[in-house]
There are 2 protein chains.
Amino acid sequence: MARVTIQQVAEAAGVSPSTVSNVLNGRTNRMVPATKERIDRAIAELGYHPNKAARQLRTGRTQTIGLIVPSVGNPFWGAFARELELAAMTVGHNLLLCNSERDAERERRYVQELWEDGVRGIVLCSSLPTLDHVADIVARGLRLVTFDRQAQPGDPENVISVSINNLVGGHLATSHLLELGHQRVSFVSGSLASVNRAGRYRGYCMALEQAGLDPAEMPAWTGADAPAFGDVEAAEVGRRAAHALFEDPATAPTGVVAINDMTALGLCRGLRDLGLQVGTDASIVGFDDIVLAELYDPPLTTVRQPIARMAALALEEMLDDTGEDPGRTVLLRPELVVRGSTQAPRVGASR
Amino acid sequence: MARVTIQQVAEAAGVSPSTVSNVLNGRTNRMVPATKERIDRAIAELGYHPNKAARQLRTGRTQTIGLIVPSVGNPFWGAFARELELAAMTVGHNLLLCNSERDAERERRYVQELWEDGVRGIVLCSSLPTLDHVADIVARGLRLVTFDRQAQPGDPENVISVSINNLVGGHLATSHLLELGHQRVSFVSGSLASVNRAGRYRGYCMALEQAGLDPAEMPAWTGADAPAFGDVEAAEVGRRAAHALFEDPATAPTGVVAINDMTALGLCRGLRDLGLQVGTDASIVGFDDIVLAELYDPPLTTVRQPIARMAALALEEMLDDTGEDPGRTVLLRPELVVRGSTQAPRVGASR
DNA sequence: GTGAAAGCGCTAACAT
DNA sequence: ATGTTAGCGCTTTCAC
């Protein structure tokens, strides 16, 4: 129980604490090898481990980074959290996990608290359209990387963003359906009031326009009337959308672009409730490529986010101390993964 | 950027740091109200927040707890992490997240590191049969709660366990199949070398025996020859099992108990690869009741773990300072959720 | 009812 | 090449 201190190590090795400290911090260049060896031995024998609180108090630095996600219960965020923690571990950093539950006030409180804890930086997976709620903390020096939220006008200047190119992603998903021959499509999302969602939707509209179709005639289903859904409940959004859109065969689309895989899976489930077959009766495209997309029956066509790469990148950008390109945004290119949930529409199904 | 200290607050309020500290720590009983008010105002005006590192160095206490899961990428662990973080937040605690990837050495390193960081305690979701690798740290005073791992002979005395009753769960799943009329069943898992898995398997065997069946004739499929799978890849275990078990219709079971939902979903996928229909051609029972179980097609019959309750309990037990019942185990009762993936076997399908 | 003083364990000038 | 020293910001006896 009694923790061994640097002082005890110093005594055991017959040196001063500062020399031990030098060893601990790699300042070992002009040190007599025998001394270093004695110290190393003492450290090992006593089972000494530096006290991080003391170190942090003294240096003002930590090896801890904060991660704020909407909800780790969502497989996409779970996978991201895992990759980020893995990457952080390899460079000796810890991860403090926070679930914002898509609540601005919680998000703000977490950012504040992590900042007070002295974290090295924060990876914020925010769904919010502005960063006003954390701007003052960023101004005070917080190192912030936003994930899946391209930098916006009005954002603090030195916030780094790592994201997929949602515009391209939305376009990819939509033109895939159009190329299969779908003429009546829809875009299903919860609220569109988040940067990434808006981006995907713009990609959808752009693809329609390029095909000579009018987005106004195939608007997004945002479940505006529905209560606000949590993240894990994204699937419920999809299920409701399925009922709303497909109840009337006369107006039902033949293909749907879903805002993410959970929603897509909910859509599939809703279609099944209605006795419709995914793939043959209606095509569904997801977004993210979570593990379950491939497992589903039928396997889900989706826009893949290279999650491991993005996590590594987010960390790298956060830890980058060159001071170059403050406020930069890195957008990765998404990739369409075609599986069984999308097929050509039935003959006669499109008008 | 320049942090405001207790000293500055004291000066602003015209008192000494110790008095401010007293206010901070609620020792305000015999204090003149006017003083407290002046201090409160100073704190608010300066935007003061205590430095946690300094506080921790002084007191030796933290508000941080460690969580070690096999992988938050797995929806079950993601959901658990979320619930634990939510519960922790409500009592003012933070969560440090670690992924062991089911690796004993990593697990040990994490426990060690969290201990050195001075965490309040650790919730360990370990798959390992013994706790030998962390016993010395527990002996030095670490407050450890193991989750989903009932206390075992040889465990350190003061380790608290919170878990589902896996024996009952495995029995529940199996007798459900038997009651439907299945006579040829199987148990699909990765390695059984973990406490929870062994428990579920014993429940399976017990149910068989009670039905007059011989477990030796319907052994577990553990994919012993397969490479070790990570947690997210649990589905792959299921898929392989499907191919191995169902390739030959003459020996194929009519019902399968899967070690968890991810594996069950993989099984479903594998059956589909073989052109078999889940539910009608073969019944599958999962374990956990992750969100996707209900979304799947067909929806998965499964043994539900009351995750939110268990997370709250794990935290409560960890924070409990009455010193009563050291080394206690709390086992919650699982609940069978019957859905479409289990049906009576086809007539003639069972022999 | 409030303040003075000591020190938690560590690091980094600076001195030798 | 190593040691001395002075805190980092906070809490907590112990005086007054």
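Quick note on labels: first sequence line is chain A, next is B, and so on, each numbered from 1.
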Salt bridge check: are A:E317 and A:R328 linked by an N-O gap of less than 4.0 Å?
yes
Under the ring-ring contact (aromatic ring centres under 6.0 Å, His included) rule, collect the residues that match up with A:F80, sequence neighbours excluded.
A:F147
I want to check something: taking the side chain as every heavy atom from C-beta on, are B:I6 and B:L24 in contact at a cut-off of under 4.5 Å?
yes
Axis-to-axis angle across the helix from C:dG1-D:dC16 to C:dT16-D:dA1, five pairs an end, to 10 degrees?
40°
Sugar-phosphate means primed atoms, P, OP1 and OP2; the rest is base. With that split, encode nucleotides 8-16 of chain D 5' to 3' as B, S or - using protein heavy atoms under 4.0 Å.
BBBBB----
Any Lys/Arg nitrogen of A:D103 or A:R108 sitting under 4.0 Å from an Asp/Glu carboxylate oxygen of the other?
no
Mind listing the side-chain donor-acceptor pairs of residues 118-126 of chain A below 3.5 Å, one per line with the distance, residues two or more places apart or on another chain?
from: A:R120; atom 1: NH2; to: A:D321; atom 2: OD2; distance (Å): 3.1
from: A:S126; atom 1: OG; to: A:E107; atom 2: OE1; distance (Å): 3.3
from: A:S126; atom 1: OG; to: A:E107; atom 2: OE2; distance (Å): 2.7
from: A:S126; atom 1: OG; to: A:L128; atom 2: N; distance (Å): 3.0

B:R82 with A:E101: basic N within carboxylate O range, under 4.0 Å:
yes
Sequence neighbours left out, what passes ring-ring contact (aromatic ring centres under 6.0 Å, His included) with A:F76? Give chain and number order.
none
Starting at OG1 of A:T64, measure out to CG of A:N94 and round the result to the nearest 0.5 Å.
4.5 Å
Please answer whether the main-chain N or O of B:Q150 pairs with a side-chain N or O of B:Q152 as donor and acceptor at a distance below 3.5 Å.
yes
Classify the nucleic acid contact of B:G118 as base, sugar-phosphate or nothing, counting any heavy atom under 4.0 Å across all strands shown.
nothing
Provide, to the nearest angstrom, the distance between the CE atom belonging to B:M31 and the C1' atom belonging to C:dG3.
11 Å
Could you list all N or O pairs between the protein and nucleotides 14-16 of chain C that sit under 3.5 Å apart?
none

Evaluate the side-chain contact (heavy atoms from CB on, under 4.5 Å) criterion for residues B:C98 and B:L114: first the C-alpha distance (whole Å), next the side-chain angles of each, then the deciding distance (0.1 Å), finally the verdict.
CA-CA 9 Å; B:C98 310; B:L114 291 170; 4.0 Å; yes
